[in-house]
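All remarks here apply to the structure that follows.
Throughout, a chain's letter reflects where its sequence line sits, starting with A, and its residues are numbered from 1.
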Number of protein chains: 2
Amino acid sequence: MKPTPPAIHNAFDILEAFQDGQREFTAQEFHKKLNISLSTQYRVLHALEDRGYLRRDTQTGRYRLGFKFLQVGNLALEQEEIVETSRGILQDMCDETKETIQLGILEGVEVLYIKTIESPLPLRYVLQPGFRTPSYCVAAGKAILAYESEDKISRVIRAGLRRFTKKTICTTTALKRELADVRRGGYAVNWGEMRKSGRGVYAPVFDYSGRVAAAVGLSVPPERFTHKRLPSLAEVVRRCAEEISSRLGAVPLKTSATTGENEAASLAEAPIRSKQRGGSNRKPEKSGRKNDTSG
Amino acid sequence: MKPTPPAIHNAFDILEAFQDGQREFTAQEFHKKLNISLSTQYRVLHALEDRGYLRRDTQTGRYRLGFKFLQVGNLALEQEEIVETSRGILQDMCDETKETIQLGILEGVEVLYIKTIESPLPLRYVLQPGFRTPSYCVAAGKAILAYESEDKISRVIRAGLRRFTKKTICTTTALKRELADVRRGGYAVNWGEMRKSGRGVYAPVFDYSGRVAAAVGLSVPPERFTHKRLPSLAEVVRRCAEEISSRLGAVPLKTSATTGENEAASLAEAPIRSKQRGGSNRKPEKSGRKNDTSG
DNA sequence: CAATAAATTCCCATATTTAGAAATTTCATG
DNA sequence: CATGAAATTTCTAAATATGGGAATTTATTG
């Protein structure tokens with residue numbers, strides 16, 4: 001197949017070991033956790049330390065994540081044009097609503113939050129950038145899925161609609177109905193489908209090709225997320241999402257008419273890197289392939 | 001005498017290639033830039049792509065930084081207790097001053113900004129987290145250096161006091177005088193020493209051991225940085241820095257009395273790693289022993 | 001649509017890394 | 001300050017990655 005250098009995997013295994021919350025490791029702890037042979041592991045540790053990806057606590061001598069990651073990680077963010085494009089708008093949204101603004105994308109079957117502006121209010125709901133959630137049970141995810149290809153949606157469904165709260169949407173039909181609702185309104189709402197106290201309104205962001213690229217919106221603690229307030233929040237979110245879309249070169253689309261579903265469906269499955277990309281003069285046609293296999 | 005696996009360096013060389021601003025690379029571009037043998041390079045690229053550190057643009061097929069970096073990079077941030085400890089305080093500072101709040105640490109001879117809360121005002125001065133500046137010519141740097149060991153300070157001086165603007169402090173004596181001033185007042189000010197339009201007030205943050213751990217403060221566009229306003233800003237900054245320090249377990253210290261110099265001097269010898277930066281450096285082979293000139 | 005150029009993968013002898021244990025150093029404890 | 005335990009480095013045969021070119025695939029052009 002394709003053998004990849006084990007040293008690389010060792011390196012990232014070590015770095016990713018921090019993902020379950022532990023913030024300091026001794027060499028022995030790495031060893032126990034990862035089963036890398038000790039001599040090899042020490043070589044890797046030294047390499048990572050030299051490069052600034054690991055550092056040793058001055059006091060304890062234990063390993064911690066280095067700041068080099070912050071540097072490169074932030075690069076990844078800056079280089080994402082959608083983040084740069086929306087920077088000012090997100091801040092404006094926050095100023096206007098005083099709520100936490102977040103920008104999320106669909107990665108795999110999950111939502112990955114890539115940008116956060118925290119609410120200035122003391123009580124706030126925040127997911128740190130880099131955080132992932134299931135897509136089918138958060139507003140950002142539903143906002144994206146509503147305009148994604150059938151293929152992506154069924155992949156999400158196949159991955160399982162696990163129940164988190166009693167509000168969680170757990171059946172295919174309910175989810176499809178919900179997504180249709182989202183398309184009708186142009187935004188998605190979450191009344192605690194993943195966490196009892198999680199609330200949010202998100203709207204989809206489209207790029208120049210008409211595909212849904214992200215979802216932008218706000219996460220609000222239940223205390224401030226009332227039925228009365230929702231319409232105005234939703235309006236802000238929708239307006240800002242459209243503004244970002246247009247800056248990305250998207251043509252404004254009417255909320256319920258053009259579903260976006262078909263365009264997206266045409267370039268559904270994409271694990272093969274040999275996609276027909278040559279068509280710079282050939283824009284993705286809306287092939288009439290409306291296989292509504294739902295129901 | 002410690003050979004580190006080249007595969008690891010290849011991997012990070014590739015990832016760090018993005019540091020000079022280019023956000024898409026073809027395999028050939030990596031090859032030209034890094035001189036890694038093609039077959040090896042492809043193996044590395046595949047490994048990085050598999051792990052999510054690189055991804056290929058759907059359109060162009062070119063390589064871009066993946067979001068995995070965001071995840072792990074943010075981990076590094078969350079796991080830095082000073083960031084967590086100060087989270088609320090920084091937000092409060094921002095609410096109170098409406099200016100950009102930043103938290104910086106000294107890494108090597110440079111200041112590394114690790115946390116930023118952007119001003120809500122349209123005109124604002126922001127350094128993205130992960131950004132580095134020289135330490136001797138920014139407020140954050142001076143706030144830290146003022147309480148650092150002689151050893152650290154002379155290392156900064158040896159690294160060179162380059163002139164950026166006509167305000168830049170470029171001589172040893174001037175710098176030492178400035179740092180003494182900082183110690184007297186408990187905060188540092190920058191009136192454009194690095195960039196003509198850069199202004200800031202920063203105060204040092206100390207940890208439980210009494211060492212200076214960071215600097216916190218605000219970066220302000222010149223239009224809003226008046227002599228009249230400075231005292232109140234400085235007061236906010238000092239108060240918040242002290243609050244963070246005390247949360248870190250520091251004993252409150254009088255502004256001019258304890259220098260912190262001696263405590264810090266005792267553990268002067270620190271890993272010298274700021275040799276390599278800016279990405280395009282091939283790893284310099286580490287010599288077996290360090291020239292200890294500290295005595 | 002064919003021909004050409006470029007990009008990517010495959011192949012294999014050679015050099016390097018790896019794993020495991022032993023030797024050494026560092027740290028904790030009486 | 002000596003002793004024992006743990007952590008880290010060193011050492012070597014064996015396994016594996018590496019690099020360079022050839023073969024293949026993919027893009028570009030007339």
Side-chain angles (χ1 to χ4, degrees), chain A residues 1-14 17 22 24-51 54-64 267 269-282 284, chain B residues 1-14 17 22 24-51 54-64 266-267 269-271 282-283 285-290 292:
Chain A
M1 277 238 266
K2 47 178 187 182
T4 53
I8 293 181
H9 293 287
N10 287 336
F12 287 110
D13 283 347
I14 286 175
Q22 196 174 336
E24 285 192 341
F25 281 86
T26 65
Q28 308 299 323
E29 286 171 327
F30 281 129
H31 178 59
K32 269 201 280 288
K33 176 162 186 150
L34 303 170
N35 290 312
I36 304 172
S37 98
L38 269 179
S39 48
T40 299
Q41 184 192 276
Y42 275 112
R43 275 188 298 256
V44 175
L45 288 176
H46 290 320
L48 292 176
E49 194 184 348
D50 283 351
R51 287 213 153 229
L54 283 181
R55 74 210 152 93
R56 309 187 68 160
D57 187 287
T58 334
Q59 307 295 300
T60 65
R62 286 202 271 263
Y63 289 96
R64 312 194 44 172
L267 35 149
E269 171 84 46
I272 317 160
R273 75 207 174 313
S274 66
K275 274 174 48 70
Q276 55 272 43
R277 75 188 59 141
S280 51
N281 48 3
R282 197 171 76 95
Chain B
M1 299 286 131
K2 48 178 186 180
T4 53
I8 292 180
H9 292 286
N10 288 334
F12 287 111
D13 283 346
I14 286 175
Q22 196 174 336
E24 286 193 341
F25 280 86
T26 64
Q28 307 299 324
E29 287 172 326
F30 281 129
H31 178 58
K32 268 200 283 286
K33 177 163 185 149
L34 303 169
N35 290 311
I36 304 171
S37 100
L38 270 178
S39 47
T40 299
Q41 184 192 273
Y42 275 112
R43 276 187 293 256
V44 175
L45 288 176
H46 290 319
L48 292 175
E49 195 183 348
D50 283 352
R51 294 197 77 117
L54 282 182
R55 72 206 153 95
R56 308 187 67 165
D57 187 286
T58 334
Q59 307 295 304
T60 66
R62 287 202 272 262
Y63 289 96
R64 311 194 43 172
S266 65
L267 35 150
E269 176 70 38
R282 285 301 271 170
K283 47 140 189 177
E285 194 59 53
K286 190 170 182 291
S287 63
R289 76 208 155 100
K290 40 193 101 158
D292 189 344

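Contact annotation: B:Y42 does not reach the phosphate of C:dT9 (side-chain N/O to OP1 or OP2, under 4.0 Å). Side-chain N/O atoms of A:R43 include none lying less than 4.0 angstrom from OP1 or OP2 on C:dT17. Considering only side-chain N and O atoms, B:H46 lies nowhere under 4.0 angstrom from the phosphate OP1 or OP2 of C:dT8. Phosphate proximity of C:dA7 to B:R62: absent, as no side-chain N or O sits under 4.0 Å from OP1 or OP2. Remark: B:Q28 is in phosphate contact with C:dT8, judged by side-chain N or O atoms under 4.0 Å from OP1 or OP2. For the pair A:T40 and C:dA19, the criterion of a side-chain N or O lying under 4.0 Å from OP1 or OP2 is met.
A parallel orientation is assigned to the rings of B:F30 and B:F25, their planes being inclined by less than 30° (bins at 30° and 60°).
In this structure, the CD1 atom of B:I36 is 8 Å from the P atom of D:dG19, given to the nearest Å. Atom OH in A:Y63 sits about 13 Å away from atom P in D:dA7, given to the nearest Å. In this structure, the CG atom of A:N35 is 16 Å from the P atom of C:dT18, given to the nearest Å. In this structure, A:F30 atom CZ and D:dA7 atom P are separated by 14 Å, rounded to whole Å. If you take CG of B:L45 and P of D:dG19, they are 13 Å apart, rounded to a whole angstrom. Look at CG on A:N10: it is 11 Å from C1' on C:dT17, rounded to the nearest Å. Atom-to-atom, CG of A:L38 to P of C:dA23 comes out at 17 Å; the value is rounded to the nearest Å.
The side chain of A:S39 has D:dT10 as its nearest neighbour among D:dA17, C:dT8, D:dT10. Minimum atom distance to the side chain of B:R56 is reached by C:dT8, of the listed C:dT18, C:dT8, D:dT8.
A donor-acceptor pair is defined here as one N or O able to donate and one able to accept, closer than 3.5 Å; such a pair exists between the side chain of A:H31 and the backbone of A:I36.
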